[in-house]
**Student:** 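My structure is below; once you've seen it, I'll send some questions.
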Amino acid sequence: MSSINEKKGILTVNTHIKKRILGVAIATLGATPLFAYAQAHDAHSGHTATPASSAPADAANMPGMDHSKMNMPGMDHGTMNMKSTPATKPAEAMPGMNHGQANTAPAATAHDMGAMDTSGGGMDHGDMQMQGGSAPPDARDPNAYSDGYVRNAGKYALPPSDALIMSDMHNFGSVYFDRLEYVRARGEEWAAYEGEAWYGSTYNRAVIKAEGEVASGKLQESETQLLWRHAVSTFWDTELGVRFDHAQGAPNREWLAFGFKGLAPYWFEVDATAYVGPSGRTALGLSAEYDILLTQKLYLQPSVEVNFYGKNDPAREIGSGLSDGTAGLRLKYEVTRQFVPYVGVEWSSKFGKTADYARAAGESKQETRFVAGLSFRF
């Protein structure tokens, strides 16, 4: 029995000790917040606090902070110390901070930005390593998986005749008749033609230009040019070659030709060519035309052409200066791009000495012509 009583006494004593330890622990936990608040209140007891702001407690959002003394040279990211430290530094150790307007909101984790200088307004990226430059020596070989094959060589390469090339490297050809028409004037009628054929690339072409009149099954007069056309810009070509003139009952004439052909601003098609022949003969031909769209397929095409000569040529009834001119108006309907029928009217006149030759031969120096014809290409 005595042993049992001794054990009960020990248990009783142990229970009393446990209760005392538990009470001391609860009292300590309850007093800790009060002690921390007392320390914080004592550190700032000499300052006037302002209401806490809901914004994050960083340097940019502290209205009372004077940034003029913050040393932030160039904001060099290579040396910036972003190590987090507890915000328990005493107020006296923060020079440059005006505590008269200090924001006492709970402070977030502070950063040591002593090496940051905002006075220069710039950021020094000199120490930042950017990707670029030559590939490193151990970079992967782009041909490592080609099994030794290369472009345009080997048993799988295409022959030169089948190799893929750009369109402007190919040669093409075309035939274009701008006028193939029936003409009626002064109670007479005849056929007239004007067109060209060419073969070559986008930049260089061999060209044949021809125009003339046929009556009673005979070629009355014609003008044929063999030219080399070279593109000098997007819309303009130069032409260099020879010209041959033929007429019934008159001597033939040969000329060297040099000119320009292209599309002028506002979509005027212009052709200007100068000629030089034997015996000091010279000539200049100018022509232009324009398309006025009435619908997507129906359009009016006004045109004008004039010729100048440097000297008289009585054998061909041509005078010096402005020799002759023609103005026309044709109404065309584009059935397709390659097939365009039309009707129209032309006014033709001779000037100067050329008009005198016409009157001497019993011909009129002016006439009105009615035309109907076809423009086509292939």
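Positions are given from 1, in the same order as the sequence printed here. None of the values given here were measured: they were computed from a predicted structure.
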**Student:** With a 6.0 Å cut-off (strictly less than), is the heavy-atom count around CG of Leu322, excluding the residue itself, greater than 12?
**Tutor:** yes

**Student:** Under a 3.5 Å threshold, yes or no: a donor from one side chain and an acceptor from the other, between Glu181 and Tyr342?
**Tutor:** yes

**Student:** In Å and rounded to the nearest 0.5 Å, what is the NZ to CG distance from Lys261 to Asp271?
**Tutor:** 4.5 Å

**Student:** Quick check for you: to the nearest 0.5 Å, what is the distance between Trp267 atom CH2 and Phe235 atom CZ?
**Tutor:** 5.5 Å

**Student:** I would like to know whether Gln301 and Ile292 meet side-chain contact (heavy atoms from CB on, under 4.5 Å); could you show each step before the answer?
**Tutor:** CA-CA 6 Å; Gln301 186 183 74; Ile292 304 174; over 6 Å; no

**Student:** Determine the minimum heavy-atom distance between Gln366 and Ser349, stating which atoms define it.
**Tutor:** CG-OG, 3.4 Å

**Student:** Tell me whether Asn312 contacts the main-chain N or O of Ser320 through its side chain, where contact means a donor paired with an acceptor under 3.5 Å.
**Tutor:** yes

**Student:** How many angstroms lie between CG in Asp291 and NZ in Lys332, if you round to the nearest 0.5 Å?
**Tutor:** 7.0 Å

**Student:** Any side-chain heavy-atom pair from Thr282 and Trp255 closer than 4.5 angstrom?
**Tutor:** no

**Student:** Does Glu213 form a side-chain contact (heavy atoms from CB on, under 4.5 Å) with Leu219? I'd like the steps, not just the answer.
**Tutor:** CA-CA 6 Å; Glu213 295 180 354; Leu219 182 63; over 6 Å; no

**Student:** Is it true that Arg229 and Glu196 make a salt bridge, defined as a side-chain N closer than 4.0 Å to a carboxylate O?
**Tutor:** yes

**Student:** Looking at every heavy atom in both Glu317 and Ala361, which two are closest together, and how far apart are they?
**Tutor:** OE2-CB, 4.0 Å

**Student:** Carefully, step by step, assess Lys365 and Arg359 under the rule side-chain contact (heavy atoms from CB on, under 4.5 Å).
**Tutor:** CA-CA 7 Å; Lys365 70 173 186 176; Arg359 281 192 294 265; 3.5 Å; yes

**Student:** Do any N or O atoms from the side chain of Ser216 and from the backbone of Lys218 form a donor-acceptor pair under 3.5 angstrom?
**Tutor:** no

**Student:** Say whether Val335 and Leu300 are linked into one hydrophobic cluster, either directly or through other cluster members, by side-chain heavy-atom distances under 4.5 angstrom.
**Tutor:** yes

**Student:** Hydrophobic clustering (ILVMFWY, side-chain heavy atoms < 4.5 Å, transitive) - are Val340 and Tyr176 grouped together?
**Tutor:** no

**Student:** Taking the side chain as every heavy atom from C-beta outward, state whether Arg377 and Arg337 have any atom pair closer than 4.5 Å.
**Tutor:** no

**Student:** Specify the closest pair of heavy atoms between Thr368 and Trp347, including all atoms of both residues, with the distance to one decimal.
**Tutor:** OG1-CD1, 3.6 Å

**Student:** Walk me through whether Trp228 and Asn204 qualify under side-chain contact (heavy atoms from CB on, under 4.5 Å).
**Tutor:** CA-CA 7 Å; Trp228 183 259; Asn204 295 287; 3.4 Å; yes

**Student:** Any salt bridge linking Lys350 with Asp356? Criterion: basic side-chain nitrogen under 4.0 Å from a carboxylate oxygen.
**Tutor:** no

**Student:** Check whether any side-chain heavy atom of Trp198 sits under 4.5 Å from a side-chain heavy atom of Phe172, and report yes or no.
**Tutor:** yes

**Student:** What I'd like to find out is whether the side chain of Arg253 reaches to under 4.5 Å of the side chain of Pro251, using heavy atoms alone.
**Tutor:** yes

**Student:** Does a side-chain heavy-atom distance below 4.5 Å link Val242 with Leu227?
**Tutor:** no

**Student:** Within this structure, what is the CZ-CD distance for the pair Arg369 and Glu189, rounded to the nearest 0.5 Å?
**Tutor:** 14.5 Å

**Student:** Could you check whether the rings of Phe177 and Phe376 sit parallel, tilted or perpendicular, using 30° and 60° as the cut-offs?
**Tutor:** parallel

**Student:** Might you confirm whether atom OH of Tyr203 has over 12 heavy atoms from other residues, nucleotides or ligands at distances under 6.0 Å?
**Tutor:** no

**Student:** Please give me the minimum heavy-atom distance between Ala358 and Ser364, naming the atom from each residue.
**Tutor:** CB-O, 4.5 Å

**Student:** Given Glu239, which partner from the list Lys209, Arg205, His230, Gln225 fulfils the side chain to side chain contact (heavy atoms under 4.5 Å, CB included) test?
**Tutor:** Lys209

**Student:** Indicate yes or no: at least one non-hydrogen side-chain atom of Leu226 is less than 4.5 angstrom from one of Ile208.
**Tutor:** yes

**Student:** Cationic tip of Lys311 within the cone over Tyr309's six-membered ring, i.e. under 6.0 Å and within 45° of the normal?
**Tutor:** no

**Student:** Quick one: are Glu305 and Asn307 in side-chain contact, heavy atoms under 4.5 Å?
**Tutor:** yes

**Student:** If I take atom OG from residue Ser348 and atom CG from residue Asp324, how far apart are they, to the nearest 0.5 angstrom?
**Tutor:** 6.5 Å

**Student:** I want to check a possible cation-pi pair here: Arg184 against Phe370, using under 6.0 Å from ring centre and within 45° of the ring axis as the test.
**Tutor:** no

**Student:** For the aromatic rings, using the six-membered ring if either is Trp, is the centroid distance between Tyr290 and Phe268 under 6.0 Å?
**Tutor:** yes

**Student:** Does Asp178 offer a backbone N or O that forms a donor-acceptor pair with the side chain of Ser375 under 3.5 Å?
**Tutor:** yes

**Student:** Would Val232 and Val270 show up in the same hydrophobic cluster when neighbours are defined by side-chain heavy atoms closer than 4.5 Å?
**Tutor:** yes

**Student:** Is there side-chain contact between Phe260 and Thr238, with heavy atoms separated by less than 4.5 Å?
**Tutor:** yes

**Student:** Identify the heavy atoms of Ala247 and Asn252 that sit nearest to each other, and give their distance.
**Tutor:** N-OD1, 4.1 Å

**Student:** Are Leu263 and Trp236 in one and the same hydrophobic cluster, where Ile, Leu, Val, Met, Phe, Trp and Tyr link if side-chain heavy atoms are under 4.5 Å apart?
**Tutor:** yes

**Student:** Shortest non-hydrogen contact from Leu374 to Pro341?
**Tutor:** CD1-N, 3.7 Å

**Student:** Tell me whether Val175 shares a hydrophobic cluster with Tyr193, the cluster being built from Ile, Leu, Val, Met, Phe, Trp, Tyr side chains joined at under 4.5 Å.
**Tutor:** yes

**Student:** Quick check: are there more than 12 heavy atoms from other residues, nucleotides or ligands sitting under 6.0 Å from CD of Gln296?
**Tutor:** no

**Student:** Are Arg243 and Glu254 close enough for a salt bridge, meaning some N to O gap below 4.0 Å?
**Tutor:** no

**Student:** Let me confirm one number: the NZ-CD distance from Lys297 to Glu334, rounded to the nearest 0.5 Å.
**Tutor:** 6.0 Å

